[in-house]
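Below you'll find the structure, written out as structure tokens, and then a few comments.
Bear in mind the structure is a predicted one, so any value in this text is a computation, not a measurement. Numbering of ligands and ligand atoms starts at 1, following listing order.
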Amino acid sequence: MGALSRRIQGRVREDVARLEPYDPNFTPCDINLSANENTYGMPEQVRVAIDEAIAATPTNRYPDPMSNDLRDQIATWHGVRRENVCVGNGGDELLFNFFLAFGGPGKRLVDCPPTFTVYDIYSKMVGTSVVRCWRDPDTFELDIDALLRMAGTADMVIVTSPNNPTGNVIAAADVARLCEACPGMVMIDEAYAEFADDGISCERLLATYDNLIVLHTYSKAFCLAGVRMGYVLAAPDVIEVLGAVRQPYTVDVFAQAAAQVVTSMRGVFRPTIETIRKERRRLAEGLAAIEGVRVWPSQGNFLLVRMPYAAIVRARLRDKRSILVRDFSSSPGLEDCLRITVGTPRENDELLDAVASILKEVV
Ligand SMILES: *Cc1c(COP(=O)(O)O)cnc(C)c1O
């Protein structure tokens, strides 16, 4: 935050005065590979169906507060019951509600950096202390033994799988051990699960562990980042708790209508997701072939890369080639790292060409 005036400083909650808001570091560019969106865009037939559904949606009545029709669809999709599903205004709202319900002063969160920084921000907002179980500095794999130990005294644990920004996954067997070790709640953030190999989701453990919450979003694979729609799967009483802390009507009628169409037509996204996985491999190989560039394996729709002068390369990509990627070079553990969303073949070609030529200039 900028400097606060003395008057406001004296009025605002002390811990809020110290908050640094989430900054996606956005600059408009021709090619945006910075926010892990699906850059292929909404498939035309789905877009047409969404437009029709929205046109038929009345706006004078409040939305169904719990989005029950959508919950039923999601439940059928995932083989659970409506009582196991809560939807939210993006996955981010559900994360916040998770902190509101299970965090707070005196509570402890364990997370595994480098990871999604929103967890840190929400823990500060609700006054939850954070215990960090750092990933291996070279491979970014989890230190499972340390994590199990820390989880033993945690109120909340969050593991992101595939992890943003490093692309690693956690094995379901390790999630099971985590749920057993942790007296509190275990959230597995699967925002990128659709891009991972089959079988990585820990969803099947929901039947066994009532302290497990699995987070999903429509923002990444399903082209609805602009609409704001996410959901969690968990035991019915966990869903009730999340329902109790949510603000009424955050999921509006248009978002419900769009998500229902996308859910019923989700098979249409499969070819694009397959293409993104193929392009991920091609982009990774292309980047690794550029001298000085290290690429980590990723199960998401993005790649973490390290290169000399990463911040300068990123600025030149933006200013000279109008390509936006995400700069992590000043984040702890991610020195000289950039995160690049896997784009369309043309976007990836341009990115590869630009990185190669900019690196020749700067090194
Ligand atoms: C994108 C993302 C989310 C959720 O995003 P929403 O757009 O709020 O649904 C959650 N977790 C991670 C790790 C993400 O990258």
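More than 12 heavy atoms of other shown residues, nucleotides or ligands fall within 6.0 angstrom of atom CG in N60.
Taking the six-membered ring wherever Trp is involved, the centroid distance between the rings of F222 and H216 does not fall below 6.0 Å.
At a 3.5 angstrom cut-off on N or O pairs, L95 does not count as close to ligand 1. Not a single N or O atom of T160, backbone or side chain, sits closer than 3.5 Å to an N or O atom of ligand 1.
Distances below 4.0 Å separate heavy atoms of K220 from the following atoms of ligand 1: 1 (C), 2 (C), 3 (C), 5 (O), 14 (C), 15 (O). When each atom of ligand 1 is checked for a heavy atom of A191 under 4.0 Å away, the hits are 2 (C), 3 (C), 10 (C), 11 (N), 12 (C), 14 (C). Near Y192, meaning under 4.0 Å from one of its heavy atoms, ligand 1 places the atoms 1 (C), 14 (C), 15 (O). In summary, the atoms of ligand 1 found under 4.0 Å from a heavy atom of T217, numbered by their order in the structure, are 6 (P), 9 (O).
Using bins of under 30°, 30° to 60° and over 60° for the plane-to-plane angle, the ring pair F116/Y119 lands in the perpendicular bin.
Contact between R228 and ligand 1 is present, with at least one heavy atom of the residue lying under 4.0 Å from the ligand. At a 4.0 Å cut-off, not a single heavy atom of G230 sits close enough to ligand 1 to count as contact. Heavy atoms of Y218 stay at 4.0 angstrom or farther from ligand 1. Ligand 1 has no atom lying under 4.0 Å from any heavy atom of N36.
Salt-bridge annotation for R282 and E285: absent, with no side-chain N of the basic residue lying under 4.0 Å from a carboxylate O of the acidic one. Ionic pairing of R346 and E350 is present here: one or more N-O contacts between side-chain nitrogen and carboxylate oxygen are shorter than 4.0 angstrom. E361 and R316 are joined by a salt bridge, as a carboxylate oxygen and a charged side-chain nitrogen come within less than 4.0 angstrom of each other.
Side-chain polar atoms of D336 and S329 form no donor-acceptor pair below 3.5 angstrom. Side-chain contact, R108 with T153: a donor N or O sits under 3.5 Å from an acceptor N or O.
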Any chance you could lay out the ring pair (Phe, Tyr, Trp, His ring centres under 6.0 Å) test for Y192 and F302, step after step, and finish with the verdict?
CA-CA 10 Å; Y192 300 97; F302 53 85; 4.9 Å; yes

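Nearest to atom 7 (O) of ligand 1 by heavy-atom distance, out of G90, S219, G300, is S219. Closest heavy-atom approach to atom 5 (O) of ligand 1 within the set D92, N89, N164: this belongs to D92.
If you check which protein heavy atom lies closest to atom 13 (C) of ligand 1, you get D189 OD2, 3.3 Å.
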